[in-house]
Amino acid sequence: MENQTNAGVRLNKFIADSGYCSRREADRLIQEGRVKIDGRVGALGDRVLPGMRVECDGRRLSGDGEKVYIALNKPRGIVCTADPREPMNVVDYVGYPIRIFPVGRLDKDSEGLLLLTSDGGIVNRLLRAAGGHEKEYEVEVDKPLTREFMEKMMRGVPILDTVTLPCKLRRTGERSFNLILVQGLNRQIRRMCEALGYNVQKLRRVRINSLRIGSLAPGQWRELTQGEVDALLRSIAHSSGLPAGEGER
């Protein structure tokens, strides 16, 4: 992780550490001229020294916000965004008293485990495919599985001008399987199945790294235990913060 030295800390990291948003979102806010350092408009690459005043949309940020980690069993119909213009946004649905945002996405018609946090510093590292961070899904499709379908899914499927990374697949029924991905392309599982002539009927995420959905019912959420937080942070300790995909949508 980046150390705060006499040279200060990068502006996007300062904003993320405040719990205001992720680093990626912070970059966008900086580019839009909505962030100020000691009264001047900040720029990408700026560094914040101790005692400097940082504001976003007029709100002063501390650089050391409260870190909250929440596991939600997202029901169908809820949208994985913090945008208040979306009436079914997941942040309003949870209604947590401090600012949180979702890590990655599940599309509106999918359900299952979603991590929400105020810790903007972990987002890109957790989503980065190169870090090997596993996400496990239960999938049901519209017709019986064939060996060819399963083998092609595991090897990689051409979608979105690329070929998906190899993944793990375990058959659980005539039309159902468990799938483990380390990648997060837009609506990846649905697109992979459609490319092979199948349509997804049900999609549920049950695990992110070591974090499991457990007994959470659809719509229920809970704060992570300290042990779960420690395991999550250990799993991303050596991951880069470079941009990544955002998970199955």
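A donor-acceptor pair under 3.5 Å is absent between the side-chain atoms of N73 and the main chain of G219, judged by distance alone. Remark: side-chain polar atoms of R47 are paired, donor with acceptor, to backbone N or O of G8 under 3.5 angstrom. Without hydrogens or angle criteria, K67 side chain to T117 main chain gives no donor-acceptor distance under 3.5 Å. A distance-only check finds no donor-acceptor pair linking the side chain of E25 to the backbone of S22 [under 3.5 Å]. Between the side chain of R99 and the main chain of Y20, a donor-acceptor pair closer than 3.5 Å is present. At least one donor-acceptor pair under 3.5 Å links the side chain of R105 to the backbone N or O of C80. In this structure a side-chain-to-backbone donor-acceptor pair under 3.5 Å is present from R175 to D142. The backbone N or O of I100 lies less than 3.5 Å from no partner atom in the side chain of S118, so there is not a single donor-acceptor pair.
Side-chain contact check for D109 versus L203: every heavy-atom pair is 4.5 Å or farther apart. Residues Y96 and I70 form a side-chain contact, since some pair of their non-hydrogen atoms from C-beta on lies under 4.5 Å apart. Residues M192 and K152 fail the side-chain proximity criterion, which asks for heavy atoms closer than 4.5 Å. When side chains are defined from C-beta on, E194 counts as touching N199, because their heavy atoms get closer than 4.5 Å. Taking 4.5 Å as the limit, every side-chain heavy atom of D46 sits out of range of all side-chain heavy atoms of I30.
To the nearest 0.5 angstrom, R170 atom CZ is 4.5 Å from N178 atom CG. Interatomic distance, OH of Y69 versus CG of D119, reported as 3.5 Å (0.5 Å rounding). Considering CD of E134 and CZ of R207, their distance stands at 4.5 Å, rounded to 0.5 Å. To the nearest 0.5 Å, atoms CD (E228) and CG (N209) are separated by 12.5 Å. A distance of 7.0 Å separates CD1 in I189 from CE in M153, rounded to the nearest 0.5 Å. Note that OH of Y137 and CG of L106 are 6.0 Å apart. Values are rounded to the nearest 0.5 Å.
Taking each heavy atom of I208 and L113 in turn, the nearest pair found is N-CD2, 3.6 Å. Considering all non-hydrogen atoms of both residues, I159 and Q188 come closest at CD1-O, 4.0 Å. The two atoms that bring N89 and T81 nearest to each other are CB-O, 3.2 Å, heavy atoms only. Closest non-hydrogen pair, P75 versus Y93, comes out as CG-OH, 3.7 Å. Here the closest heavy-atom approach between residue F177 and residue C193 is recorded as CZ-SG, 4.2 Å. Of all non-hydrogen atoms in P218 and E111, the two that sit nearest each other are CG-OE1, 4.5 Å.
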>> Please determine whether side chain to side chain contact (heavy atoms under 4.5 Å, CB included) holds for the pair L114 and I78, giving the CA-CA distance in whole Å, both sets of side-chain angles, and the decisive distance to 0.1 Å.
In response: CA-CA 11 Å; L114 182 70; I78 299 300; over 6 Å; no
>> Between I15 and C56, does the side chain to side chain contact (heavy atoms under 4.5 Å, CB included) criterion hold? Intermediate values first, please.
In response: CA-CA 8 Å; I15 296 170; C56 182; 5.7 Å; no
> Could you go step by step and tell me if V54 and V35 meet the side chain to side chain contact (heavy atoms under 4.5 Å, CB included) rule?
Replying inline: CA-CA 7 Å; V54 177; V35 179; 4.2 Å; yes
> When you look at R191 and L185, which way does the side chain to side chain contact (heavy atoms under 4.5 Å, CB included) test go after all the steps?
Replying inline: CA-CA 9 Å; R191 291 180 188 273; L185 301 177; over 6 Å; no
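There is a path of hydrophobic side-chain contacts, each under 4.5 Å, that joins V206 to L232. V91 and V103 are members of different hydrophobic clusters when ILVMFWY side chains are connected at heavy-atom separations under 4.5 Å. Residues L216 and L115 fall within the same hydrophobic cluster, defined by Ile, Leu, Val, Met, Phe, Trp and Tyr side chains chained together at heavy-atom separations under 4.5 Å. Connection of V90 to M88 is established within a shared hydrophobic cluster, with ILVMFWY side chains joined at heavy-atom distances below 4.5 Å, either directly or through further cluster members. Under the 4.5 Å side-chain contact rule for hydrophobic residues, M154 and I180 do not share a cluster.
E55 has no carboxylate O lying under 4.0 Å from a charged side-chain N of K36, or vice versa, which leaves the two without a salt bridge. Under 4.0 Å is where a charged nitrogen must lie from a carboxylate oxygen, and between R187 and D107 at least one such pair does. Between K202 and E140 there is no salt bridge, since no side-chain N of the basic residue sits under 4.0 Å from a carboxylate O of the acidic one.
With a 6.0 Å radius and a threshold of 12 heavy atoms from other residues, nucleotides or ligands, R147 has its CZ atom at or below the threshold. A 6.0 Å sphere centred on NZ of K143 holds more than 12 heavy atoms belonging to other residues, nucleotides or ligands. More than 12 non-hydrogen atoms from other residues, nucleotides or ligands lie less than 6.0 angstrom from CD of E32.
Exactly one of R190, R76, K74 qualifies for a side-chain hydrogen bond (donor to acceptor under 3.5 Å, both in side chains) with S110. That residue is R190.
Between the side chains of Q226 and D230, at least one donor N or O sits under 3.5 Å from an acceptor N or O.
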